[in-house]
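Residue numbering restarts at 1 for every chain, and letters A, B, ... go by the order of the sequence lines.
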Amino acid sequence: MLEASGFFDILTSLLSPVCEAVGIPAPVVPLGLMRPVTGSGSFAILNGILEKYGADSVISRIASVMSGSTETTFYAITVYYGAIGLKKTRYTLPAATAADLTGMLSAVMLIKLFTDH
Amino acid sequence: MFRAEAAYDSGDFMLNLIWVLMIVLSIICSIVTGRADELSRAVGAGAEKAIQLIISMAGVMCFWSGIMKIAEKSGLTDIIAKLLSPVLGRLMPVYKNNAGVMRAVSANVTANILGLGNAATPLGIIAMKEMRKTDPHSEVPDDSMIMFVLLNTASLQIIPATAAALRQAAGSSAPYDILPFVWMASGAALCVGIASAKLMSFICGKKRALRG
């Protein structure tokens, strides 16, 4: 629903200037935002980036590493707790979000570290 | 007393709030961006996918429960559990001595490492059910349960198959050369996840001690 409504487009355009300033390329921002929410949506974005920038470009590498290093957080949390009927999750969400953020920021930093000359 | 309960409640509140927020934001955005009919299509598609997921999960669960039983009878799960116990025992101290739980957890972790996401999820559900057996009426997950869910959301895949496949299809000269980076990034994510979970559980323990 969020994807179809254009929410991520709005969020991306809001966050892009900030991210660019820190060194995060704008096209991967939607990927970073959506990866914890939807697996298929994020792979669609990855595909778009691969096609637009070529499979071996820096941006594509960042996007690929981002996709490969985290899981669809909300889905996993819902499935695992839902399977045993728990509705409360205590600190699962903050901890998982911290992990996801780390994965994505590391993806950007690592690729830049090892490919910039 | 209220603080400790607030810590428990805030997790629940957060998740529900997020779902509601998502729906409300979607509706508002779709009106603003003029994509309202796309939105209603997405609602229908989402509902359909949910039903498909439930049906396929049921079938897959049956299959993997059967595999687990076979593995258990053959002693395979005991061997794997013994190998992983030093690490898993430290990560999930609550269930350290519960053989049934540790067997299921080991199976799930192994599946994740091997990159068999579709196997890992049902195995993970089996593990959650085993953990639930020890306290069927609790309303909140205990620290080890949270750690287990965390291990699954920030999982360490040896082979990021889907990303590599997409790269190859797009004509990459070496689709798997991102492997070490994926390992490092996942590793970092896992470490931060584990560290923050341990930190939170420590803080919650302190709150409980203050209350008691």
Residue selection (most heavy-atom pairs with chain B, distance under 4.5 Å) from A:Ala76, A:Ser67, A:Ser64: A:Ser64
Nearest atoms (heavy-atom pairs only) where A:Thr73 meets B:Thr153: O-CG2, 4.2 Å
Gap separating the CD1 atom of B:Ile146 from the OH atom of A:Tyr80, nearest 0.5 angstrom: 15.5 Å
Min side-chain heavy-atom separation A:Ile84-B:Met145 under 4.5 Å: yes
B:Ser201 portion near chain A, given a 4.5 angstrom heavy-atom threshold: both
Lys/Arg-Asp/Glu bridge criterion (N-O < 4.0 Å) met for B:Asp142, A:Arg90: no
Exceeds 12 heavy-atom contacts within 6.0 angstrom, atom NZ of B:Lys129: no
Interchain contact, B:Ala120 with chain A, by part (heavy-atom threshold 4.5 Å): backbone
Between B:Leu199, B:Ile194, B:Asp177, the one whose heavy-atom pairs under 4.5 Å with chain A are most numerous: B:Asp177
Per-residue contact mode, A:Leu110 against chain B (heavy atom under 4.5 angstrom): both
Nearest atoms (heavy-atom pairs only) where A:Ala99 meets B:Gly193: CB-CA, 3.8 Å
Nearest non-hydrogen partners of B:Leu150 and A:Ala96, listed with the distance: CD1-N, 3.5 Å
Side chain to side chain contact (heavy atoms under 4.5 Å, CB included) assessment of B:Trp183 paired with A:Val65: CA-CA 9 Å; B:Trp183 292 340; A:Val65 177; over 6 Å; no
Closest contact, heavy atoms only, B:Ala185 versus A:Ala107: CB-N, 4.2 Å
A:Ala83 versus B:Ile125, closest heavy-atom pair with distance: CB-CG2, 3.5 Å
